[in-house]
Amino acid sequence: MKKFRLIAVLVLACLVLAAATAAFAEGEPPMLGAAPQENVDAGPKGFVWAALAICVALILPGVGSALSVGMAGRAAAGVSAEDPEKGGACLVFELLPATQGLYGFVVAIFIAMGCGIVGGGDFLSLATEKGMSYFYGALPIGIVGIVSAYFQARVCCAGIGIVAKQGNGGMGITYAIMVELYAILALIISILMVVGIN
């Protein structure tokens with residue numbers, strides 16, 4: 001759990017740093033004593049925000065899923081080593097936390113198509129407001145994805161314990177899917193926000 005928290009904090013810190021850099025990025029700094037220039041684009045281009053949006057949608061849930069699948073995989077490997085026949089039932093529990101990474105991938109594809117990276121659009125001339133809108137559209141799946149992946153992995157590890165004791169984990173799957181519901185809601189909201197950007 002400490003490793004998961006550390007990695008999650010590092011990833012979030014990198015994204016916050018990238019967003020802050022983009023928010024305050026300017027061209028060349030003015031010389032001391034120089035007259036203020038007019039009509040200078042003081043903010044980042046929209047493509048910077050769109051690229052950050054793709055990173056948020058893809059990296060946060062992807063990291064959460066990778067760590068969570070590893071956590072459930074360790075528990076499943078322990079049960080399978082004791083009783084190889086229970087390996088199939090454990091595999092379902094290991095696969096469930098991987099879905100958040102897939103949801104983030106779907107949102108990242110929607111953003112890439114919307115901003116013109118995929119499909120031959122004019123990505124480099126994307127308006128700043130539109131790029132920022134993509135960034136905010138990626139936040140629900142990014143944040144909820146990493147959090148729900150972790151808690152779903154914990155429920156899946158408990159479900160693997162059910163498999164170890166009883167031989168099947170039917171109710172454990174139901175418990176794990178209840179955590180999945182919030183990732184699905186975040187996916188829907190992110191898609192609606194991204195698709196709604198004109």
- prompt: Does Tyr182 belong to the same Ile/Leu/Val/Met/Phe/Trp/Tyr cluster as Ile177, with side-chain heavy atoms less than 4.5 Å apart forming each link?
  reply: no
query: Does Tyr134 use its side chain to pair, donor to acceptor, with the backbone of Gly114 at less than 3.5 Å?
result: yes
message: Donor-acceptor pair, distance only, cut-off 3.5 Å: does the side chain of Ser68 make one with the backbone of Ala153?
response: no
- prompt: Going by side-chain heavy atoms closer than 4.5 Å, which hydrophobic residues are tied to Leu91, directly or by a chain of links?
  reply: Leu95
task: Determine the minimum heavy-atom distance between Ile160 and Cys90, stating which atoms define it.
output: CG2-SG, 3.9 Å
statement: One should read off an interatomic distance between Phe105 CZ and Leu58 CG, to the nearest 0.5 angstrom, of 7.5 Å
field: Nearest heavy atoms of Ile111 and Ala138, plus distance in Å
entry: CD1-CB, 3.9 Å
- request: Calculate, to the nearest 0.5 Å, the distance between atoms CZ and SG belonging to Phe135 and Cys55 respectively.
  value: 10.0 Å
field: CA sep, side-chain torsions, deciding dist, call: Ile184, Ile188, side-chain contact (heavy atoms from CB on, under 4.5 Å)
entry: CA-CA 6 Å; Ile184 293 170; Ile188 293 169; 4.1 Å; yes
query: Okay, side chain of Ser65, backbone of Gly62: is any donor-acceptor separation there less than 3.5 Å?
result: no
message: For Ala176 versus Gln152, what's the shortest heavy-atom pair and its separation?
response: O-NE2, 2.9 Å
- prompt: Does Met113 CE have over 12 foreign heavy atoms under 6.0 Å away?
  reply: yes
- prompt: Between Phe93 and Val163, is a side-chain contact (heavy atoms from CB on, under 4.5 Å) present by the stated rule, with each step listed?
  reply: CA-CA 10 Å; Phe93 287 104; Val163 171; 3.6 Å; yes
Stepwise side-chain contact (heavy atoms from CB on, under 4.5 Å) test for Tyr103 and Glu180: CA-CA 11 Å; Tyr103 299 158; Glu180 181 87 13; 2.6 Å; yes
- prompt: Does one hydrophobic cluster hold both Val107 and Val195, with members joined at side-chain heavy-atom distances below 4.5 Å?
  reply: yes
- request: Kindly indicate whether the side chain of Glu129, heavy atoms from C-beta on, has any atom under 4.5 Å from the side chain of Trp49.
  value: no
- prompt: Is the backbone of Ala164 close enough, under 3.5 Å, to the side chain of Lys86 for a donor and an acceptor to pair up by distance?
  reply: yes
message: In this structure, would Val106 and Ile197 fall into the same cluster of hydrophobic residues linked by side-chain contacts under 4.5 Å?
response: yes
query: Can you tell me how far the CD1 atom of Ile117 sits from the CZ atom of Phe47, to the nearest 0.5 Å?
result: 10.5 Å
field: Euclidean distance, Tyr175 OH relative to Cys156 SG, rounded to 0.5 Å
entry: 13.5 Å
statement: Rounding to 0.5 Å, atoms CD1 (Ile143) and CD1 (Ile141) come to a distance of 10.5 Å
message: How close do Pro97 and Val69 get, counting heavy atoms only, and between which atoms?
response: C-CG2, 4.1 Å
message: Applying side-chain contact (heavy atoms from CB on, under 4.5 Å) to Phe151 and Val155, what does each step give before you reach the verdict?
response: CA-CA 6 Å; Phe151 285 104; Val155 174; 5.7 Å; no
Atom pair CD1/CD1 of Ile109 and Ile54 - distance to nearest 0.5 Å: 8.0 Å
- prompt: Which pair of non-hydrogen atoms, one from Pro140 and one from Ile189, has the smallest distance, and what is that distance?
  reply: CG-CG2, 4.1 Å
message: For residues Tyr136 and Ile146: do they belong to one hydrophobic cluster (side chain heavy atoms under 4.5 Å, members Ile, Leu, Val, Met, Phe, Trp, Tyr)?
response: yes
field: Other residues, nucleotides, ligands: >12 heavy atoms within 6.0 Å of Phe110 CZ
entry: no
query: Under the 3.5 angstrom rule, does the side chain of Gln100 hit a backbone N or O of Pro61 as a donor-acceptor pair?
result: no
task: Give the cluster check for Leu96 versus Val179: same hydrophobic cluster or not, with ILVMFWY residues linked at side-chain heavy-atom distances below 4.5 Å.
output: no
- line: Taking every heavy atom of Ser148 against every heavy atom of Ala183, the minimum-distance pair comes out as OG-CB, 3.5 Å
